[in-house]
Each structure stands twice: as C-alpha cells, then as structure tokens.
Amino acid sequence: MPQYIPEPFRIKVVEPIKKTTREERAQILKTAGYNVFNIPSEKVYIDLLTDSGTGAMSDNQWAGMHLGDESYAHCRNWFHFEETVKNITGLKHVIPTHQGRVAENLLFSTILKEEMVVPNNNHFDTTRANILANGGIPLDMVIEEGKDPDIYHPFKGNVNVEKLEDTICKYGQARIPLVMITVTNNSGGGQPVSMENIRSVRALCDKYGIPLFFDACRFAENAYFIKMREAGYKDKKVSEIVREMFSHVDGCTMSAKKDALVNIGGFIALNDDSLTGRLKEKLILIEGYFTYGGLAGRDLEAVARGLVEAQDEDYLAYRIGQAKYLGDCLKDAGVPCLKPTGGHAVYVNARKFLDHIPQSEFPGQSLVVNLYLHSGIRATEIGSYMFAHKDPKTGEINYPDMDLMRLALPRRVYTGGHLDYVAESLKELYAIRHSMKGMRIVENGELALRHFVARLEFVE
Ligand code: F0G
C-alpha cells in the first residue's frame with residue numbers, strides 16, 4: 001500500500017471555480033480598497049481566507065438537514081444537539097448560539113466588570129474585542145516558543161503557567177472571572193496545547209479558585225496533535241482524548257463553523273447552574289429561545305452530526321496531513337513559514353518573506369494583496385494590520401510578535417491539486433519578493449476590528 005493518504009471521501013457535488021486575469025484582479029483590488037474581505041467570492045480562484053463556515057458537509061449531514069424539526073421550542077434536533085455536546089464535553093449545560101462570537105459576547109457581557117482581566121494563550125480577535133467592549137482587559141500569555149516562528153516546539157499553543165500565576169498574583173483572583181485556553185491557538189499559528197499544559201493550568205486555577213474555559217473551535221484537531229505528539233496518548237482514541245481535555249474545564253465557547261464541520265453554528269457549554277440561568281435570559285433577548293439560539297432545527301442537526309465526524313481519525317489524518325503537505329511544499333521551495341505547520345492553516349512568515357517592509361507598513365497585508373494579484377488566491381493577514389494598536393495611555397503603537405499570512409484550509413473542500421497550485425504561486429512570488437511594496441491604511445484604521453473594514457493603498 002502507498003504511504004500517501006489521499007482525501008478520505010469521494011466528491012459527489014461540485015462547485016465550479018473560475019480564473020480571472022491579472023488586469024481584472026488589479027482593478028478588483030483597487031475597488032476593494034486593497035482589503036480582500038471586500039473582494040466578491042466569485043472573483044477568487046482558491047479561497048483560503050478562513051476555515052470558518054467554509055467546509056463541505058457530508059452526505060450524512062445533508063441527510064440530517066432534511067430531518068430538521070422547525071418547531072419553535074424543544075425541537076427534536078435540539079435534543080440530539082444537546083445530547084451530543086454533553087457526551088463530547090461532559091459539561092452540564094448547553095446554550096446554542098449562531099456563531100462563536102455571540103457565545104463570547106454573551107459570556108463576557110454577563111461575567112465581566114470594569115477592569116477585570118481575562119488571560120488566554122492568545123485571544124482570537126473577536127474574543128479580544130468582546131472583552132474590551134465589556135470593559136475587560138484581554139491578556140495573552142502563550143509560552144515564549146509560541147512567539148517565535150522559527151522555533152520548533154510540539155505544543156507551541158501552551159500557556160506560560162509561570163506568567164499566568166504572576167498575573168493572578170498581580171491582579172488578584174477577584175479580578176479574574178475566568179482563564180481561557182484557545183485550542184488550537186489560532187492567532188499563534190494554529191498550534192496545539194498539550195494535555196499536560198491543560199492539566200497544569202487547571203491545577204493553578206484550582207489553587208486560586210478561578211474557572212477555566214476553552215475557546216474550543218478546533219478541539220478535535222488539538223486532540224489529534226496530542227495523540228500524535230504527546231507521550232502516553234498514541235493508543236488512545238481521539239474521542240477519549242477530547243473527553244479528557246474537556247474534563248479539565250468548567251466550560252467552553254465554541255464556533256461550530258470550524259471543527260463541527262458546518263456553515264453556521266456555535267454554543268457555550270458549562271457546569272455553573274446560576275451562570276447558565278443568566279446566560280439563557282440574555283440569549284432569549286439577543287438570539288432566540290434557549291433550545292435554538294439563532295439556529296434552525298436543521299442547523300442543530302448538522303452540528304450534532306458534524307461534531308461526531310470531526311473526531312473520525314481517518315478524517316483528522318487527512319486534515320492535519322493536508323496542512324502539513326502544503327507546509328512541506330513551501331518549505332521545500334524556501335518560503336519562510338511558521339514552524340511547525342498548524343492544524344487548520346499554513347502561516348507564511350511575512351516579516352521574513354518581505355524583510356524590506358517595516359512592520360508599520362504591514363508586510364503581511366502586502367503579501368496577501370500580492371498573492372491575490374498574482375494568482376487569485378485569497379489569504380488573510382494575522383499580524384500588525386490586524387493587531388497593532390495604540391496604547392491609550394502612552395500613545396505608543398504596540399506591535400504583535402509576528403507578522404503572518406494565513407493560508408487557512410476549508411475542511412474537505414480543496415484537493416492536493418489545489419494545494420500544489422498554491423505552493424507554486426508562492427514559490428513564484430518569493431522569487432520577485434523585492435519588488436513588493438508596503439501598505440498604509442487610508443480609512444477606518446482606528447476601529448477595533450479594522451481588518452474587516454479598513455481601506456488601504458500601496459506606499460509608493
Ligand atoms: N475563537 C477562535 C479561536 C476563532 O478562530 C474564531 C473565528 C472565533 C473564536 C469566533 O467564531 O467566527 O464563529 O464568530 N475565527 C475565524 C477565522 C473567523 O477566520 O479564524 P465565529
């Protein structure tokens with residue numbers, strides 16, 4: 001048998017994609033204000049903007065969609081959804097939402113008081129923004145290795161436990177309503193967190209009486225890395241590892257648009273009875289009754305089925321293998337990438353790729369724009385354009401540790417052939433990298449989530 005693992009599915013439905021010319025793309029970029037979120041998707045050849053809500057559902061999920069019970073309250077699919085989430089997480093209560101950031105908004109608007117602090121390995125941008133919007137202070141404390149794209153570490157998403165304890169001592173536990181761990185760590189390169197680290201953070205939280213929550217978007221991918229890389233887990237089933245991961249937390253927020261393999265959905269799961277009551281009350285106000293939370297019955301069914309499929313080990317071997325394949329192709333071509341390759345994406349080290357462009361001119365965004373111009377591939381920047389912000393007290397600009405271009409892989413959507421095209425395009429771009437220019441923001445640069453709405457131009 002060959003060692004190569006091809007896609008573990010056959011393709012039953014196809015969606016045509018079309019190429020554009022370079023001249024068309026130059027015009028499209030200009031109209032879009034050099035913000036790739038503004039590009040019509042039909043003008044994108046290979047779309048690696050995000051792995052969120054962009055996956056292909058299985059025949060089993062589509063079959064489930066036809067069994068949607070669209071009753072207002074306590075529909076059949078809710079019971080299946082609730083039972084599945086409880087089985088997987090072992091948590092007591094489940095609150096459905098239509099996506100992850102609503103789960104974050106509900107949670108933080110309910111528990112945060114002014115000047116409270118929420119530590120995490122790395123907050124995702126919506127998590128950070130939801131904490132800030134509710135008067136809180138988001139703090140990142142990933143291990144030092146997690147900040148350096150060139151260092152290899154099997155669990156670069158790990159929390160710096162010493163720093164976490166210092167933080168708890170500095171602010172006092174009364175100011176820390178919960179500690180979060182993002183699995184896998186998206187803003188830090190899709191890097192996993194080890195079970196040992198989860199256990200250590202739990203022990204610290206127990207010592208100080210602070211609840212621990214996961215941002216659980218990519219829980220199955222994280223569990224697969226534990227199986228592959230952590231001593232003692234090789235012979236455990238991914239589903240057992242998942243259960244063990246969740247046994248250490250008091251709750252989680254989840255965007256089902258990632259590892260639940262659906263186009264829309266999310267939830268909060270938690271053990272705290274009283275907090276659940278408060279969250280449900282607010283949920284009814286902003287999302288809907290607490291057995292649908294902004295979703296249709298059919299959506300709940302697709303999530304329930306997707307959560308189980310995501311833990312299939314053939315699927316995960318292919319999924320993590322696909323990212324590694326693209327990462328290896330780029331490495332072979334000399335393109336600098338964050339090491340090791342993450343679970344859902346390959347992160348090109350834009351600061352190194354474009355080392356003639358200063359951070360203040362957004363090397364990551366320049367690379368994103370140039371990649372689209374060159375070959376119609378849409379990626380996203382995770383770096384200074386997304387995260388650099390002015391310190392309100394000193395007026396100084398704080399830059400993030402890394403400037404990356406993320407090539408996020410939608411689940412079960414693109415084949416090895418598409419990835420070869422992406423690798424070839426970047427190889428060609430790398431050869432002409434010195435001709436690329438930096439960028440400046442000309443509109444909406446002050447907004448918290450500016451990467452969605454800003455407009456830019458090249459620095460001439
Ligand atoms: N947490 C993490 C770690 C995420 O990656 C995301 C979304 C969210 C929370 C918010 O979930 O989109 O359902 O509201 N990440 C997407 C991305 C958008 O492209 O990485 P959401």
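Indexing begins at 1, ligand by ligand and atom by atom, following the structure's order.
- In this structure, the side chain of R229 does not engage the main chain of F155 through any donor-acceptor pair within 3.5 Å.
- By the side chain to side chain donor-acceptor pair (under 3.5 Å) test, D272 is found to be paired with no residue, residues two or more places apart in sequence or in another chain being considered.
- Using a distance-only test at 3.5 Å, with no hydrogens or angles considered, no donor-acceptor pair links the side chain of R411 to the main chain of M57.
- For L449, the side-chain contact (heavy atoms from CB on, under 4.5 Å) partners at least two apart in sequence or on another chain are D125, A129, H451, F452.
- Listed as neighbours of ligand 1 are T50, S52, Q99, G100, R101, E104, F124, T126, T182, N186, D215, C217, R218, S255, K257, K258, R406, each bearing a heavy atom under 4.0 Å from the ligand.
- Side chain of R351 to main chain of P363: no donor-acceptor pair is present (N/O by atom type, distance under 3.5 Å, no hydrogens or angles).
- The side-chain contact (heavy atoms from CB on, under 4.5 Å) check on Q365 picks up F362, V368, V369, E381, Y385, M439, L456, with sequence neighbours excluded.
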